[in-house]
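What follows is a short report on a single structure.
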Amino acid sequence: MLDRKFILENADLVKTNCRNRNVPTDVDRFVALETQRRELQVQVEDLNRQANAVSKSIGKAKDAAEREERKAEGRRLRDETNQLREKLDALVAEIDDIHRAIPNMSHPDAPIGEDDTKNLDIAHGKTPAPVFDFQPLDHVELMEKLGMVDFEAGARVAGHGFYFLKGDAVLLELALQRYAVGMLLDEGFLPMTTPDLARNDVLEGTGYIPRGPETQIYSIENSDLSLVATAEIPLGGLLAGETIDAEQLPIKLCGISHCFRTEAGAHGRATRGLYRVHQFTKIEMFAFTLPDQSDAMLEQLRALECRLFDGLQIPYRVVDTATGDLGGPAYRKYDLEAWMPGRGDYGEVTSTSNCTDYQARRLNIRYRTKGEKGTQLAHTLNGTAIAVSRALIALLENHQQADGTIVVPEVLRAWMGKEVLGA
RNA sequence: GGAGAGGUGGCAGAGUGGUCGAAUGCGCCGGUUUGCUAAACCGGUGAGGGCUUAUAAGGUCCUCCAGGGGUUCGAAUCCCCUCCUCUCCGCCA
């Protein structure tokens, strides 16, 4: 969430930003209601002050008659306060609905545009797209040929969008994880396996909406829990409500989790194979930083993603995400899109965002600077290290050979124990 | 899952209806003393928000003792619900 005061004082900026982000919100109504709320708040506080004064005077009353008189006065004030408070609560509820829908502000350098067609292509990886002197297969064909996947069994067990990985695919999944975690360990990230379920207030604090027809989130019936869509959710929740000493920042975490997504409304759009599935394993980077560290941290996270995919010898481009495609919490976002020969197109394999204090405000994650009064909101960032399902697509399709085998990239061989799959 | 105990400021830990935003100790900050450091001594020290105002200083008010609801003129304190922690038992990977 944005700071309420900031919205009031910068209504025009916020409106422009919402327009740039293609998010319809009624900022004017927010400002009007919030102005009313403040007035009402002052009235309620003043009544409280009076009631408090009356209560205090009762203890010192000199006789029973005076005590009773003061009590009556106290009752009257309380009734009055309750009536006003009801109005206030209704106002707050409406304000909150609008507030929640207002997205984060955008980095001044983020490309302005209504959707992903306005994303800016800013860099390419070290590996050129492969030129095949044969007809390349897509990952589904490759994996089925090599006995690496069973989609039918996945559908039988859990429905469309689920799958069994088998044989070398499992080794690859483990190797990819070990490779990514190893690199992050060297970079000072603390590895963590996280809960795969989270309370709905943690989901909401992170900017996910657990309910509603468009939700990406699976929720657990008769409970306040949902399956996480990414380790970003539990890692954000890790320090919810906490105040951290400033010298401990930045905190860099590496989350290992399963990710569950309903993919509601996504049918028919690039759904073949492992590209859009309901469950996958992901190694996620997450950072808590001081405000003046977050821009640099975003560049670090992006650089790490590039190193990971350069190491895997997978061709990719880096995209600076347009305002309309940023989602609610991100201030700036870079995606890596790997070349996928089977699709004949690039496909998103990572995404890293600087959420500034947008998540921290909701989750109440603060830091304290030694020698200074008060606390400040921390910044949060997240970035994909390896989303296994999509990394597999890019890896298999780019490293396939004319004879149907797949060359294992150098960096994974130690974990795979072989150089070629299907030989 | 069963039984019990408990959740208070950065930490430890008092506080069972009013003058308690909260004793005391530690820590931290400032000062005195001091070849230096330490010790000792003195003083200060929770957070969020509103109003005032120049988004200063100062003043002032409201809210916060796990979270939510209730009783009461008044709740850290009494009642109900939820969450969490600890100990023991059970069950298990």
Side-chain angles (χ1 to χ4, degrees), chain A residues 1-11 13-14 30-31 33-93 95-96 99 105 193-205 210 219-226 234 237-249 251 258 288 291 357 360-378:
Chain A
M1 295 199 288
L2 291 180
D3 182 30
R4 287 200 302 247
K5 196 194 271 178
F6 176 86
I7 302 171
L8 281 195
E9 290 170 358
N10 301 278
L13 279 181
V14 173
F30 178 91
V31 170
L33 292 173
E34 176 65 7
T35 308
Q36 270 184 56
R37 185 194 68 82
R38 291 205 169 185
E39 285 165 19
L40 210 54
Q41 183 87 44
V42 169
Q43 290 177 44
V44 168
E45 285 185 1
D46 188 59
L47 280 169
N48 269 335
R49 186 186 55 72
Q50 291 178 44
N52 287 342
V54 167
S55 294
K56 275 187 187 161
S57 74
I58 288 174
K60 295 173 191 150
K62 44 183 176 300
D63 56 51
E66 186 185 330
R67 217 188 308 278
E68 286 311 312
E69 191 190 315
R70 304 264 74 193
K71 278 192 191 182
E73 173 70 0
R75 263 190 291 268
R76 192 188 63 75
L77 281 167
R78 191 195 55 180
D79 288 346
E80 211 175 313
T81 310
N82 286 344
Q83 277 178 28
L84 266 192
R85 191 173 292 276
E86 256 173 59
K87 268 197 220 166
L88 185 62
D89 288 346
L91 207 51
V92 167
I95 289 168
D96 217 50
H99 194 183
M105 298 303 287
T193 55
T194 66
D196 284 343
L197 277 74
R199 290 184 200 291
N200 288 334
D201 56 348
V202 174
L203 284 265
E204 281 163 20
S219 51
I220 308 291
E221 212 176 344
N222 301 322
S223 84
D224 191 33
L225 292 167
S226 297
L238 182 81
L239 294 178
E242 300 284 316
T243 303
I244 311 147
D245 286 331
E247 58 265 41
Q248 287 182 23
L249 296 172
I251 294 171
H258 286 127
F288 299 95
D357 59 8
R361 182 168 291 106
R362 193 78 168 277
L363 292 168
N364 196 21
I365 301 169
R366 303 183 151 265
Y367 68 91
R368 185 195 327 276
T369 309
K370 220 174 185 176
E372 282 178 25
K373 282 202 136 195
T375 59
Q376 306 294 323
L377 291 167

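Just so it is clear: chains get the letters A, B, ... in the order the sequence lines come, proteins before strands, and each one is counted from 1.
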Does the pair A:R49/A:D46 count as a salt bridge with the N-to-O cut at 4.0 Å?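 Looking at A:D46 together with A:R49, the answer is yes, because their closest N to O distance falls below 4.0 Å.
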
Decide, yes or no, whether a salt bridge links A:E66 with A:R70 under the criterion of side-chain N to carboxylate O below 4.0 Å.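 Here A:E66 does not pair with A:R70 in a salt bridge, since their nearest N and O are not under 4.0 Å apart.
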
Determine the interatomic distance between [atom1] on [N] and the same-named atom on [M]; round to the nearest Å.
N: B:G9; M: B:U63; atom1: C1'; value: 16 Å
N: B:C61; M: B:G67; atom1: P; value: 24 Å
N: B:U52; M: B:C73; atom1: P; value: 34 Å
N: B:C51; M: B:U32; atom1: P; value: 40 Å
N: B:U45; M: B:U82; atom1: C1'; value: 35 Å
N: B:G46; M: B:G10; atom1: P; value: 10 Å
N: B:C80; M: B:C91; atom1: C1'; value: 31 Å
N: B:A5; M: B:G48; atom1: P; value: 37 Å

Considering residues at least two apart in sequence or located in another chain, which fulfil the side-chain hydrogen bond (donor to acceptor under 3.5 Å, both in side chains) criterion with A:R78?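 By the side-chain hydrogen bond (donor to acceptor under 3.5 Å, both in side chains) rule, A:R78 matches no residue at all.
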
Under the rule for side-chain hydrogen bond (donor to acceptor under 3.5 Å, both in side chains), what residues qualify as partners of A:R362, not counting sequence neighbours?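 For A:R362 there are no side-chain hydrogen bond (donor to acceptor under 3.5 Å, both in side chains) partners, ignoring immediate neighbours.
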
Contacts of A:F288 that satisfy ring-ring contact (aromatic ring centres under 6.0 Å, His included) - sequence neighbours left out: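 Scan of A:F288 (ring-ring contact (aromatic ring centres under 6.0 Å, His included), adjacent residues dropped) gives A:F286.
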
Can you measure [X] atom [atom1] to [N] atom [atom2] for me and round it to whole angstrom units?
X: A:L377; N: B:G49; atom1: CG; atom2: C1'; answer: 13 Å
X: A:I58; N: B:G17; atom1: CD1; atom2: P; answer: 17 Å
X: A:Q248; N: B:G10; atom1: CD; atom2: C1'; answer: 11 Å
X: A:R67; N: B:G74; atom1: CZ; atom2: P; answer: 16 Å
X: A:E242; N: B:A47; atom1: CD; atom2: P; answer: 16 Å
X: A:Q376; N: B:A47; atom1: CD; atom2: C1'; answer: 12 Å
X: A:L8; N: B:G49; atom1: CG; atom2: P; answer: 14 Å
X: A:I365; N: B:A47; atom1: CD1; atom2: C1'; answer: 17 Å

A side-chain contact here means heavy atoms from C-beta on lying under 4.5 Å apart; do A:E34 and A:I7 qualify?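 No - every pair of side-chain heavy atoms lies 4.5 Å or more apart.
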
Side-chain contact, heavy-atom cut-off 4.5 Å: A:I244 with A:I365?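 Touching, per the 4.5 Å side-chain cut-off.
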
Please confirm whether the shortest side-chain N or O distance from A:T375 to OP1 or OP2 of B:G48 is below 4.0 Å.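 A:T375 to B:G48 OP1/OP2: side-chain N or O found under 4.0 Å.
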
Under a 3.5 Å limit for both distances, which nucleotide forms a Watson-Crick or G-U wobble pair with [N], could you say?
N: B:A57; value: none
N: B:C88; value: B:G2
N: B:C83; value: B:G7

For A:D196, check salt bridge (Lys or Arg N to Asp or Glu O under 4.0 Å) against everything at least two apart and list the hits.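 Result, salt bridge (Lys or Arg N to Asp or Glu O under 4.0 Å) vs A:D196: none returned.
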
Check A:L84 against A:L40 and note the closest heavy-atom contact, atom names and distance.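 A:L84 and A:L40 have their closest heavy atoms at CD2-CD1, 3.6 Å.
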
Can you name the atoms? Protein N/O to nucleotides 81-85 of chain B N/O, anything below 3.5 Å, with the distance.
{"unit_1": "B:C83", "atom_1": "O3'", "unit_2": "A:R199", "atom_2": "NH2", "d": "3.1"}
{"unit_1": "B:C84", "atom_1": "OP1", "unit_2": "A:R199", "atom_2": "NH2", "d": "3.4"}

Determine, for nucleotides 50-71 of chain B in 5'-to-3' order, which nucleotides have protein heavy atoms under 4.0 Å from the base (write B), from only the sugar-phosphate (write S), or from neither (write -). SS---------SBS--------

